[in-house]
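By convention in this document, chain letters (A, B, ...) are assigned in the order of the sequence lines, proteins followed by strands, and residues within each chain are numbered from 1. Note that these values count all heavy atoms, side chains included, but never hydrogens, waters or copies made by symmetry.
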Amino acid sequence: MSDALLSVEGLEAGYGEVQVLWGISFQARRSALTTLVGANGAGKTTTLRAVVGALRPSGGRVLFNGEDVTRLPAHAKAARGLVLVPEGRQLFAEMTVAENLEMGGYSKRASRSFAVHLERCFTLFPRLAERRRQRAGTLSGGEQQMLAIARGLMSDPEILMVDELSLGLAPVVLHQLFETLKLLRDDGLTIVLVEQNVHLAFALSDHAYVVAEGKLFTDGPPEALADMPEIRRAYLGL
Amino acid sequence: MTAILEVQEVGKSFGGVRAVDRLSFVIEEREILGLIGPNGAGKSTLFNLINGVFRPDAGRVRFCGADITGASPHRVARLGLARTHQIVQPLEAMTVLENCAVGACFGRENLPRARAQEAAREAAVFVGLEDRLDTPAAQLTIAGKKRLELARALAAQPLLLLLDEVLAGLNPTEVERMIGVIRRLRERGITILIIEHLMQAIMSLSDRIVVLNYGKRLAEGTPASVANDPQVIEAYLGDPALARELAGKTRA
Amino acid sequence: MSLFGIIASIIDGVLVGSVYGLAAMGLTLIWGVMDVVNLTHGSMIVAGMFALYLLTSVLGITPYATLLPVLVGGFLVGLALYWIAVHRMIGRAPLMSLLSTFSVNLVLIGLGTAVWGTVLFNVPVSFPGVTWQRYTFPGTHLLAAALTAVIAACLYVFLYRTRLGKAIRAVAGNRQAAELMGIPTTRVLALAFALGVALAGVSGMLIATLFPFTLLSGDAYQLKSFVVIVLGGLGNPTGALLGGIALGLLEGLVTPFIPVSWTLVIEFALFVTVLIAFPRGVFALRRS
Amino acid sequence: MLRRPFFWVIALVVAVFAAAPAIGNNVELRESLVLATVYITLATNLNVVLGYAGYVNFGSIVFFGLGGYLCVYLMGAPAWPLPVALFAAGAAVSLLALVFGLGILRLRGAYFALATIGVNEGVEAFVENFTPFGGSSGLYLPVTMFKPLGGPMAALWIVYFLLVAIMGASLYLSYAVKRSKFGLGLLAIGQNEDAAQVLGVPTRRYKALAYSLTAFLPALAGGLYFFKSAFIQPSDAFDLTFSTEAIVIIMLGGQGTVTGPALGAYLYEELRGWLLTSDTFSNFQLVIAGSLLLIIVLFLPGGLMGWLYGRWPRLRSLLE
């Protein structure tokens, strides 16, 4: 895959003395939706955190747009368009919806076209426009997830990584959010998804990676993976 | 059979959100009851309501016939109800043995320090931590910490054990081992309430399963009946129809 | 004492209390943003007092013109302190940041006493007061309260209306998420700490226009700041101002009736009681 | 108990403290060791709450000061004999600590630390206004007070030996607590209070008990210390610097270790003695203490013993 926007090679990372990632590798193609799946605790979230720099990798490389960004701090990566919508939303609960979005567009790069992005977010999520003055902590779970994604979009991402989109969401809301992701992808945005709802994730993915024990187990087109019985059982929980 | 734990109409809200909503169920002695449901369904909250970390807004919890609603966690532990945490809570600077000794000292047997050492060692060996007895807990791997959680709970000689995702984060071999450990626990006469996402594991371990969704009971029954329940498939396993629909749109 | 006397005493208490509130704002801002109890707070207040003394008596600057240099100097000192004593403590056990800032406080007070000793200083500041009935409100008190109001308003506008101020609030709310949004959180933390120290310095400078002071006065005002932020809710600058006014009100209310020396006892009793009963502060309405 | 090496370490320390000035009737040495016994007593007791249970108490001096006040007061107007007054003071302070403890130990982390400062300052402010305690001018004891102990000369020796005994008792207490079930509970609280409670540790009771228990010996030390000087005033009795130094000592020696506070106290005393006699540094005592603390916090958070145990783990099993 020569048109990989993001290329992760042999990434190693962990918490304190506990190593979680043992040399994981994957690539995200431009304008495609790539999914990482695997059992709870396999290291998917850790992978995303290490990629964006929220966690310092102890080994391996992260190439973004051909540039080695492995050692950059998270805010510098975000400022280049490598953006993570973290697990559990992580909103600024005491701040309003509008302020949360404004923080999303904090970096110099993103603030240049702030108005355009805000417009796009409010078009994608009219609910947020209605509630722009409301504090983020008072939103419903679905609205919070919308805000989390919208805030990520405000960062003008070249690649948007979304961790556990479905966490605690009702199926209807989930459906809507997946539709939005699909829209964004079709619009040309590169997306990396970590998701426990394998059915939904696979339905949308262009390519999927199976992660196990902090390493890459296998990868391929989602249909092919879903057809492999040993993968279904051991890693997908199907 | 007699009920060891009765949860009656228990409810708990956080800032207007009903985490657990008038939930009732019973665990019989020496049973393994599985508790499943989507993330955020209220499973861990339920554990916290049972062992006294949270006080229920409504309803009662009875353990071995005694009303333990709103009793503080240390009293519940003393009565013989032990638990593990989904996010491991090791006493980091203390060794594996010391961690287990805390469980033994302040558990059901209320052992003096000298005798607790024995119980602690036994529990640590039981879960397979025999060669890490003097390792500070902070230096264990995730799997090791998960095991430590279990060992600490076991050292308390509990009558009822609440297991919160002890299999999460373990590799398939470790999962097999842990399942073996849990089976042997039941043989020792311990009743188990287990939260787990690994469907294979929980289906094979549990005698009965309760499915939670939005803090309410969605279904209850044998593993087989629950797995075939369309409601459960939609809420927890993912809706195949929805999945197919999305797939159609994408690939069209 | 007449009713007018009591009212006058209360008003004066509020005037002085607002300056306590200003001091507490600095402390509470730092606490709220980075979970650090800045125990150099007292020595920073004293630094503000001595800055006023030195600038007026040695360089001959008019007292209120020292406000800007104190603000800027405090900010720079705060930046230095952040990198020396605070940066490495972020995210560690609270004991560690308590001890590190505490040790810097020891060093500063130690250096100060070695140079100036512990004698009483007094900066003569005069400003026409306002007379009401038989009671005169000193001009220094009125001006200090007015300046406090201006600074507090500026801080509010900064935190709630500017991009950088909002970034500070974002970092306070969720540092990890802020970092992921492209906010350079370490720089923001340093900025917030420096701002908190600058506020402490300015409040010290204003207090020095009201009362005489020694090098060891910092402790007393630091404790007052604790009382104030416990009243106002930790990490809540607006609450701190309210807490300061409440404390001033209390002082004004009790001084006509009981010996001044008992006010300290009442304040500390209040402090511990409020801390136990409302750990989030009496005026902490915003935090859920 | 007798087979534990640490028991003999304590016995040795006590013996050296008792014998060193007694041999040759060295009054000067005795007076310099008085402060060391007080420091070790304060730091060792504080360490049980701070090092084991993880609660930072900035105002631990309040026990010392109150013990001093009660003892001096009871020996004054009511004219109680020293042992009775001393014991009554210790008991009363422990009880008071229990009551305070049940209140403020509900707070955690920095909140608790602030409350302890508040308690100390509040008590000091109260005593300054409390006429039976002489207000801000303090209380004096008449010289005749030393008579029952065989006159001032003998009395000072007796007080010294008692202080050494209290120091020894403190060390033993710290050691016994660490090896006990109670100590295990406190250590668990210090590591993760919520997890400890779930494991069955009665956290609230244990914390209050530890707070109260470690108030007793410092109160006795305070009683003896101020009996010895026959004078007490608020600014001496509740001097926050004293508490501060106790914390520096604990951090220097190694928080949570049994031997650390004693070692730290000894080193700190040595350093202080050297600084006070040095012309260059006599004015910079606080500066040195502060710098020392900062260096420890930044680069050696486990203190000396923590560092030693890290290098030679076997030492820990020998001494702890």
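Counting non-hydrogen atoms of other residues, nucleotides and ligands closer than 6.0 Å to CZ of D:Phe242 gives a total above 12. Counting heavy-atom neighbours within 6.0 Å of D:Arg108 CZ, excluding the residue itself, gives a total above 12. The number of heavy-atom neighbours closer than 6.0 Å to CZ of B:Arg184, taken from other residues, nucleotides and ligands shown, is above 12. The number of heavy atoms from other shown groups lying within 6.0 Å of CZ (B:Phe54) is above 12.
The stretch residues 119-128 of chain B places none of its residues near chain D, where near means some heavy atom under 4.5 Å from a heavy atom of that chain.
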Side chain to side chain contact (heavy atoms under 4.5 Å, CB included) between B:His74 and D:Arg204, worked out:
CA-CA 10 Å; B:His74 75 262; D:Arg204 200 160 164 225; over 6 Å; no
Side chain to side chain contact (heavy atoms under 4.5 Å, CB included) assessment of D:Gln197 paired with B:Ser72
CA-CA 8 Å; D:Gln197 205 185 15; B:Ser72 61; 4.2 Å; yes
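Side chain of D:Gln191 to main chain of B:Ala93: a donor-acceptor pair is present (N/O by atom type, distance under 3.5 Å, no hydrogens or angles).
In this structure, B:Leu111 CG and D:Lys181 NZ are separated by 7.0 Å, a value rounded to the nearest 0.5 Å. With rounding to the nearest 0.5 angstrom, the NE2 atom of B:His85 is 7.5 Å from the CG atom of D:Asn192. Residue B:Gln89 holds its CD atom at 10.0 Å from CG of D:Leu199, rounded to the nearest 0.5 Å.
Taking 4.5 Å as the limit, some side-chain heavy atom of D:Val201 sits within range of a side-chain heavy atom of B:Phe106. By the 4.5 Å heavy-atom criterion applied to side chains, B:Met94 and D:Leu184 are counted as neighbours.
For chain D, the option among B:Glu98, B:Arg75, B:Arg152 with the highest count of heavy-atom pairs below 4.5 Å is B:Arg152. Counting heavy-atom pairs under 4.5 Å between each of B:Ala101, B:Pro73, B:Ala77, B:Ala156 and chain D puts B:Pro73 at the top. Note: B:Asn110 leads B:Leu81, B:Leu79, B:Asn110 in heavy-atom pairs under 4.5 Å with chain D.
Heavy atoms closer than 4.5 Å to chain D are found in the side chain of B:Val53, but not in its backbone.
For the side chain to side chain contact (heavy atoms under 4.5 Å, CB included) with D:Val198, the lone residue among B:Asn51, B:Thr84, B:Asn48, B:Val76 that qualifies is B:Asn51.
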